[in-house]
S.K.: 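For reference, the structure I am asking about is given below.
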Amino acid sequence: MEGNLDLYRDREQSFIKHQFLTRYLQAAAYKILQGHSPVFNFVDAFAGPWRVLDDAKYSDASFDQAINTLEAVRADLGKNGIAGLKIRFCFCEKRREAVARLREYAAAKGSFEIHVFEGAFEDNLDAIAAKLPDGFTFTFIDPTGWNIRNGEVFRFLRDQNGEFMLNFMSDHINRHARYDDVAASFGRFLANADWANEFALLPPDWSNEHKMLHLLKTAMRANKVATYLPDFSIMVPRKEHVKMRLLLGTHSSKGLEVFRDVQEKVEKQELEMRLNLRDGESPQVGLFSATDIAAIQLEQKGVGCKANRDRAEAIVVDFLRERTYAFPGPMFNIAMENVAIRRTHLNKLLMEMRDRKRIHFDLPARKRMPQADTAISLWDEGEATI
Ligand SMILES: C[S@@+](CC[C@H](N)C(=O)[O-])C[C@H]1O[C@@H](n2cnc3c(N)ncnc32)[C@H](O)[C@@H]1O
């Protein structure tokens, strides 16, 4: 999980992408292999290698990091008496030269079950599915733009019924969304030939990439590839705009929770990295270290910051307005999907809202946080009737 930032010069956003992927994968693998399935499949759909510096070991490529992360989980669980676990890998890549390198890599890793596929991911979906007869499948989709035939990819994801992480290339998409000559490729990306009409109806103050992300999530929901679709934005390293967003598709509220936990750790790393890069260019002798400044900035816009707590509060209030009472689970899921906030923040928020007499609930004896069956109601709409 440590990662070597020196291998990512001028593509530091990829370091953050790999940190997020491996931290999430690690947590997902522990969860799945301990309780749900003895088999974990990892599909690297746009595998590369791509712009790597470590040509010998590929330690700066997603496929090598995924292997190391998942094997470490399997070995650790094995040591703790959980035997018979299996991990499978499917790597797909379009460029012939990169496929040759993937094959060489796979041959050197003889103790792993690795399948390499040559050609477009969309043309290999059935062949990949045939290698995954059982187990839980996590698919990583990391294109360089938006040139994907998602209609076909969605069918694969729906059939696998696992989880996926898609790298949404915000920067590119934002710049191109209005050009007529890319209308057809956006239609394939959004699995919707009629996307331009829906795009035109979205709020004019939204950026192009915000509109595209909204349409993509709508298409994913319509195609039933995921129940929850949280996303995490990664900035252009030395600039103030979004480079890419990692979008998780999951059917599990636990997956949603882990996503926000990982986000809190990785955004801190990202901010410190950005401050160090900036300092490296024009060193400043200041009172505060990069870590101190990162902490201050995170309280302004990080996971669980004041603005995000306010957004989550609005979601809780809206949810309760339509109901006599509700349990925390469903409103927490809506809040965690739409806002960068963790479950612990939400529990604290409910306690604060109760102190402010915004909501009402009773806690069981000796409990200091709302429980799964705690009935919560809006204060001004009377006592919960249960
Ligand atoms: C951003 S790079 C992948 C980086 C890699 N996932 C990582 O993090 O180390 C995208 C790769 O996808 C390949 N590619 C492009 N279109 C593809 C397609 N339709 N199917 C599979 N691979 C494709 C490109 O050749 C390139 O190697």
Side-chain angles (χ1 to χ4, degrees), residues 1 3-25 42-70 89-106 109 114-129 131 138-157 164-173 182 184-191 232 234 236-237 243-248 266 270:
M1 207 84 23
N4 180 357
L5 184 55
D6 291 341
L7 293 172
Y8 293 85
R9 208 168 319 117
D10 296 328
R11 55 171 195 131
E12 289 85 0
Q13 70 277 0
S14 295
F15 176 77
I16 299 300
K17 172 179 81 178
H18 288 161
Q19 284 291 313
F20 203 102
L21 172 69
T22 51
R23 283 177 187 270
Y24 186 85
L25 259 187
F42 177 78
V43 177
D44 205 334
F46 290 63
W50 173 260
R51 297 185 64 194
V52 292
L53 279 189
D54 183 1
D55 286 313
K57 292 198 182 129
Y58 299 108
S59 62
D60 50 346
S62 55
F63 56 85
D64 181 67
Q65 296 192 10
I67 285 204
N68 293 333
T69 301
L70 295 174
F89 298 91
C90 289
F91 300 152
C92 184
E93 168 58 47
K94 199 165 152 182
R95 276 175 303 125
R96 181 160 290 172
E97 167 266 338
V99 174
R101 293 168 80 184
L102 275 179
R103 290 212 167 105
E104 209 183 315
Y105 173 90
K109 295 258 175 197
I114 304 175
H115 305 281
V116 175
F117 299 84
E118 178 170 354
F121 177 51
E122 303 90 312
D123 294 333
N124 278 289
L125 297 169
D126 291 342
I128 294 171
K131 297 288 183 202
F138 185 97
T139 307
F140 182 47
I141 303 173
D142 184 21
T144 42
W146 63 85
N147 197 5
I148 315 175
R149 301 187 324 257
N150 266 334
E152 291 153 64
V153 173
F154 289 169
R155 268 195 296 282
F156 171 85
L157 296 174
F164 62 89
M165 192 172 281
L166 178 135
N167 185 4
F168 179 86
M169 296 301 288
S170 308
D171 201 13
H172 268 53
I173 290 172
V182 292
S185 61
F186 274 123
R188 292 192 291 275
F189 182 60
L190 298 169
F232 164 66
I234 300 177
V236 180
K243 174 79 185 173
M244 53 175 75
R245 288 177 196 270
L246 295 180
L247 175 62
L248 176 76
V266 176
E270 184 189 18

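Heads up: numbering here begins at 1 and tracks the sequence. Both counts, for ligands and for their atoms, begin at 1 and track the order of listing.
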S.K.: How long is the gap from CZ on R188 to CD on E152, to the nearest 0.5 Å?
M.R.: 10.5 Å
S.K.: Below 30° counts as parallel, above 60° as perpendicular, anything between as tilted: where do the rings of Y8 and F15 land?
M.R.: perpendicular
S.K.: Could you check whether the rings of Y105 and F91 sit parallel, tilted or perpendicular, using 30° and 60° as the cut-offs?
M.R.: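 Tilted.
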S.K.: State whether R155 and D126 are salt-bridged, where the test is any N-O pair (Lys NZ or Arg NE/NH1/NH2 against Asp/Glu carboxylate O) under 4.0 Å.
M.R.: no
S.K.: For ligand 1, which of its N or O atoms have a protein N or O partner closer than 3.5 Å, and how long is each gap?
M.R.:
from	atom 1	to	atom 2	distance (Å)
ligand 1	6 (N)	F46	O	3.2
ligand 1	6 (N)	S62	OG	2.9
ligand 1	6 (N)	D142	OD2	2.8
ligand 1	8 (O)	K17	NZ	3.4
ligand 1	8 (O)	H18	NE2	2.7
ligand 1	8 (O)	S62	OG	3.3
ligand 1	8 (O)	D142	OD2	3.1
ligand 1	9 (O)	H18	NE2	3.4
ligand 1	9 (O)	S62	N	2.9
ligand 1	9 (O)	S62	OG	3.4
ligand 1	19 (N)	E122	OE1	3.1
ligand 1	20 (N)	F121	N	2.8
ligand 1	22 (N)	K94	N	3.4
ligand 1	25 (O)	E93	OE2	2.6
ligand 1	25 (O)	R95	NE	2.9
ligand 1	27 (O)	E93	OE1	2.8
ligand 1	27 (O)	E93	OE2	3.3
ligand 1	27 (O)	R95	NH2	2.8

S.K.: Rounded to the nearest 0.5 Å, what's the gap from CG on D44 to CG on L102? Could you check?
M.R.: 8.0 Å
S.K.: Nearest 0.5 Å, please: how far is NE2 in H115 from CD1 in I128?
M.R.: 10.5 Å
